[in-house]
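Worth saying up front: this structure is predicted, and the values here are computed from it rather than measured. Here is how names work: the chains are called A, B, and so on, in the same order as the sequence lines, proteins then strands, and each is numbered from 1.
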Protein chains: 4
Amino acid sequence: MARYDFASDNTAPAAPEAIEALIAANSGFASGYGSDEISARAADAVRSLLDADAEVRFVASGTAANAVALSSLCRPFEAVLAHEHAHVCTDETGAPGFFGQGLGLVGLPGASGRISPEALKAPLAAPDFAHRQSPAALSLTNATEYGTVYTAEALAALIGPAKAKGLAVHLDGARLANAAASGFDLKSIKSLGVDILVVGGTKAGMTPTEAIVIFDRKLAHRFDARLKQAGQLPSKGRFYAAPFIGMLESGAFIERAAHANAMAKRLAALMPFAVSHPVEANAVFVEMDDRTLGALHAAGWFVYRFLDGSVRFMCSWATTPNAVDELGAVLADISR
Amino acid sequence: MARYDFASDNTAPAAPEAIEALIAANSGFASGYGSDEISARAADAVRSLLDADAEVRFVASGTAANAVALSSLCRPFEAVLAHEHAHVCTDETGAPGFFGQGLGLVGLPGASGRISPEALKAPLAAPDFAHRQSPAALSLTNATEYGTVYTAEALAALIGPAKAKGLAVHLDGARLANAAASGFDLKSIKSLGVDILVVGGTKAGMTPTEAIVIFDRKLAHRFDARLKQAGQLPSKGRFYAAPFIGMLESGAFIERAAHANAMAKRLAALMPFAVSHPVEANAVFVEMDDRTLGALHAAGWFVYRFLDGSVRFMCSWATTPNAVDELGAVLADISR
Amino acid sequence: MARYDFASDNTAPAAPEAIEALIAANSGFASGYGSDEISARAADAVRSLLDADAEVRFVASGTAANAVALSSLCRPFEAVLAHEHAHVCTDETGAPGFFGQGLGLVGLPGASGRISPEALKAPLAAPDFAHRQSPAALSLTNATEYGTVYTAEALAALIGPAKAKGLAVHLDGARLANAAASGFDLKSIKSLGVDILVVGGTKAGMTPTEAIVIFDRKLAHRFDARLKQAGQLPSKGRFYAAPFIGMLESGAFIERAAHANAMAKRLAALMPFAVSHPVEANAVFVEMDDRTLGALHAAGWFVYRFLDGSVRFMCSWATTPNAVDELGAVLADISR
Amino acid sequence: MARYDFASDNTAPAAPEAIEALIAANSGFASGYGSDEISARAADAVRSLLDADAEVRFVASGTAANAVALSSLCRPFEAVLAHEHAHVCTDETGAPGFFGQGLGLVGLPGASGRISPEALKAPLAAPDFAHRQSPAALSLTNATEYGTVYTAEALAALIGPAKAKGLAVHLDGARLANAAASGFDLKSIKSLGVDILVVGGTKAGMTPTEAIVIFDRKLAHRFDARLKQAGQLPSKGRFYAAPFIGMLESGAFIERAAHANAMAKRLAALMPFAVSHPVEANAVFVEMDDRTLGALHAAGWFVYRFLDGSVRFMCSWATTPNAVDELGAVLADISR
């Protein structure tokens, strides 16, 4: 039977802090659509995490959260600049274009999932041209798809030129907890100029939930109507808010991510294959040929080849040292 | 402090059977995006409930489920026929048009939320005309928005003529459990000719989850891609599937709805106001002037005026006889 | 063989002034996509007609012009208020929802195609509610679908309250020439607060062309990209601009419309049937039963029953007094 | 003053045959929206040109024609395969995604604008995957953006594998006349398996008009409603149909294109710069550095650098041998 321990950080169950908060929230009647007290308390917890005033909404899907965010920053005849391997470009079945009525995605290169500041120059310098979708927003991801982490300075080097050209900024924080545990300062996000942030709950160890954080209050006008129309205004909102209470108020959000990051480092240290990207969060990418990958699958471990051709191993809050060591032994075995 | 017991059936918490199944599902690693064993088992339970072969998917939102369903049955330059007060027409902020790229909604009249077979005749008889959106689908709701229930025969009287004209059929079953508990035969749905059914989990007492049931397999082609793009293919799919296992395998799905229906009957019996619609499911609608409604709010009970001008009281699995009686006493008091 | 003289004002050919300007424009090479000198000169003529500074674009389709305008004033989760029988609501196959990704249309009543100021009050007073599409724009039509004409004062009585609530204003001027010939002051449009105006060329006697006039320059940002994406940025733009030069610089735009209006008055005077709406522009609506309409068709004249149940006769620049008298005689005959 | 003779084939005026037919069509009243006799006759001429039964519609815009075609072949969560420099991918401001609600475009490589059969293999072989937009249609262009021409055999080598995988096929014939004049057999198109063809009128020397040809009649269901909603069902349809009558019935469609092609050959022969692509239709691409291009602009000739870095010179029906020779002399001068 296949084991999915390292296939993704969303194959893990929810952490005890999340489930317990969800159970605690399941008591009595509550007003609907995010107007309840649990949602208010969770929003406070998110604002506290970021040390920033902002509108906060809890939704079911990270893909939808990103797409709704981008469609509020970019009109259909405009484009979003993003890393060419960003989740919004490669792994959402065109959701930004669906929610954004055909908005364009312009993929930019950059090592290990971080957009190269050099690569950003050309699209920002290009004059508006009616026959192409000119950029209106910059989408960033931290931690990146390749398990690397932008520093606040590195983000500033991208956001500054983008803002100078009038672009809005979206930050996909599906793995923001891992970035924070790796040293990224969450309290810098607002001052960096991010307009809309998505804080990932699911990959951080919660039941399905994501927080949309709207720093620019003008963008929040009629946002609940936007969410409702997009199928992302849950009636029983408390079940999307509660896990954030459980994980944020206890500190588990960062602690659990720190554990996942540590497991990735442990796995990297055991790797008999060349590691493809710096291990700064909870992912390990390695060079592996098809025969070896097949042997790994045959041994019962499911992982897959990523866009850059390397094979990805994801750790989560639920990854145990034993599982890492067990996998390490199998890898050592098949690498011989 | 306001009490939301009768404001909606989604102000209730989740029933024990749902929560316990969710907790039970929160164990070990599972493959993502609905490919896990819990999702497979829940789909079996839904097929068994309906005694029908079908594709089943679990999603987070009923609004999205309906909108995705309609957009798969109707092209942008076509229209959906629905009751003029159906949820898809009045309470989803235009979600069908958003997911369906401007598809039209044609509202039809009919007493107490049921489309009048007479009213259906004109749109079905109208010749195609390029300047209007001609109908491609019929959307039905059971139980209806007004707490009434279609019999299988009543549905057949609408579906038959629609199918004869080539229309597809969508059934919004946000309160299908209540309809079933009221005598509607769930095993008739497939043979009635429904193409896509949405089985409501949330209002039936689950944590947020809805099942999309696709009877016509051709419609299921690339449906996961459709859901993913629409932000409705959850990575941790087990959390949307598990509550269905808990409620369906135990029989609680129907039993809990039967309780809700019984509470509505109990409340109706206590009503000092004229009841506006037959009480066949879990809702009681009454005629109440603004002063009286204000007095009810002042007494701490939140309910609201509906589209037809009457005031709606919803019962749920969590409604207690005591609460009904307590509310009855308050109503008796303010009606004097 | 059916005669289409009175079926619509778009069954007429193009007026000599339009065709001659088109032929004159067909000389030599010209830069594309509206950047040519003919387009610049036609834009000047439109600005002069309106005595207003504005961005002007020439497009092929009035339906598209309206839909593009509305989609630039209203987001998908918002709504446009319009007369319930306005072209955008009833005769464009849902184009506003298609271009506007599901934006809502709220039809308002009002006699003879003019929105009742009273009817506007409720939607403007309604509080924002996330489950419905709240209004973001008001769409007006002058002359109306029923051949009546708003005075500047009548428009002000609608635009004032709408602007006070933050709504933007669109004016569908498919028959603006007829309104002007009837006394409506075109130079009042900008000061009335209209944000986007569509000036009809086609029904005014041109080959297919419409002018989009953007008074609010902020709305013009990247408007060419918007048009290009919407299939409304013609490469050989001169052919859409030239007819406006021919009709506007010569004064034929108003004069030809005055003729059409006069023909409607002449026809109304001959009518043996009750006239349904004031004849203020180029339309005559009358009460006529099916038998009589059938007799008219049998006599070779094609006209059709309109939304309000009356039968519509449209006059155009090409309508001759002889044709009016000939039709009058037929009508007198069949009315006996 | 800048000369636009070689900037594009749409900077030319309309050919006499087109204008004369348009003037001839401008007589008397005609029924609207393409139901007139001129539109019927033009559709016959198109069917005769292609020696094929098909539905034919005349629309204003090639961008819209392509986008409407693709949106009828591909759902939002699917993708269109096209040459990476095809007009639909690079020069339409994302119109396919706008009309197709976010449908994906997958750009394929291939020398000189022709898709490499080798490059087509991978996307056709890729298994369906819910997280990416899987291909549903293949879009081809003949003549290509680089002035080359597919033979029927070359098209068959692409269409065959695509059809075998269930993809639909769109052919962008903006320069179909030039392809035909170069030897491409128009009568092969239907049997090749093309589902929807766009026959370019504008670049072939007409006033703005394009013909959409629907070979698969099932796709034509409610196509007029589709066009109307998309702003592409012109009320005065005769003005879009007439130029096709003028050009097709006279044979000018091919003859004028043959002239344009001959002018391109004449220009290529005079070129003092390396020619980048085979000159098979009406375009000449050459390698030219910025200094030289600047000198050409300074000499009053406007042409521009294309996507592949070469500079494009387009010839049209209106290009004179004198103009070619004049330009040749200028080029010879600045190349020294």
Discussion item. Between the side chains of D:Asp325 and D:Arg266, is the shortest nitrogen-to-carboxylate-oxygen separation below 4.0 Å, so that they form an ion pair?
Written reply: yes
Practice prompt. Let me know if D:Ala318 has heavy atoms under 4.5 Å from chain C in its side chain, its backbone, both or neither.
Written response: both
Item to complete: Answer with side chain, backbone, both or neither: which region of D:Asn66 has an atom nearer than 4.5 Å to a non-hydrogen atom of chain C?
Response: neither
Discussion item. Closer than 4.0 angstrom, basic N to acidic O: yes or no for C:Arg3 and C:Glu326?
Written reply: yes
Worksheet item: With distance as the sole criterion, is a donor-acceptor pair present between the side chains of C:Lys203 and C:Ser316 under 3.5 Å?
Response: no
Discussion item. Can you tell me which portion of C:Phe302 sits under 4.5 Å from chain D's heavy atoms? Options are side chain, backbone, both or neither.
Written reply: neither
Worksheet item: Is it true that the side chains of C:Glu92 and C:His87 contain a donor and an acceptor less than 3.5 Å apart?
Response: yes
Worksheet item: Do you know which of C:Thr144, C:Thr141, C:Asp9 makes side chain to side chain donor-acceptor pair (under 3.5 Å) with C:Arg175?
Response: C:Asp9
Worksheet entry | Atom group of C:Ala230 that falls short of 4.5 Å from chain D, counting heavy atoms | both
Worksheet item: Looking at D:Gly32, D:Gly28, D:Ala7, which makes the most heavy-atom pairs under 4.5 Å with chain C?
Response: D:Gly28
Practice prompt. Verify the distance criterion only: is there a donor paired with an acceptor across the side chains of C:Lys236 and D:Thr207 at less than 3.5 Å?
Written response: no
Worksheet item: Is D:Arg256 salt-bridged to D:Glu17, going by a charged N under 4.0 Å from an acidic O?
Response: yes
Worksheet item: Between D:Tyr4, D:Tyr33, D:Tyr240, which shows the greatest number of heavy-atom pairs under 4.5 Å with chain C?
Response: D:Tyr4
Fill in: Residues D:Arg57, D:Glu210: salt bridge by 4.0 Å N-O rule
no
Practice prompt. Would you mind checking which part of D:Leu233 comes under 4.5 Å of any heavy atom in chain C, side chain (CB onward), backbone (N, CA, C, O), both or neither?
Written response: neither
Worksheet item: Considering only heavy atoms, which portion of C:Arg226 lies under 4.5 Å from any heavy atom of chain D: side chain, backbone, both, or neither?
Response: neither
Item to complete: Quick one: which of D:Ser235, D:Ala64, D:Ser31, D:Ala225 has the most heavy-atom pairs under 4.5 Å with chain C, could you say?
Response: D:Ser31
Worksheet item: With a 4.5 angstrom heavy-atom cut-off, which part of D:Thr202 approaches chain C: side chain, backbone, both or neither?
Response: both
Discussion item. Please classify the contact between C:Asp91 and chain D as side chain, backbone, both or neither, with a heavy-atom cut-off of under 4.5 Å.
Written reply: backbone
Fill in: Side chains of C:His85 and C:Thr90, donor plus acceptor under 3.5 Å
no
Worksheet item: Taking atom types as modelled and ignoring hydrogens, do the side chains of D:Ser8 and D:Asn10 form a donor-acceptor contact shorter than 3.5 angstrom?
Response: yes
Item to complete: Please state whether the side chain, the backbone, both or neither of C:Ser27 comes within less than 4.5 Å of a heavy atom of chain D.
Response: backbone
Item to complete: Answer with side chain, backbone, both or neither: which region of C:Phe239 has an atom nearer than 4.5 Å to a non-hydrogen atom of chain D?
Response: side chain
Worksheet entry | Part of D:Ala25 lying under 4.5 Å from any heavy atom of chain C | neither
Response to the item:
From the list D:Val68, D:Ile23, D:Thr93, the residue making the most non-hydrogen contacts under 4.5 Å with chain C is D:Thr93
Worksheet, complete the sentence: Among C:Gly94, C:Ala67, C:Gly62, the residue with the most heavy-atom pairs under 4.5 Å to chain D is C:Gly94
Worksheet item: For C:Ala12, is it the side chain, the backbone, both or neither that has a heavy atom under 4.5 Å from a heavy atom of chain D?
Response: both
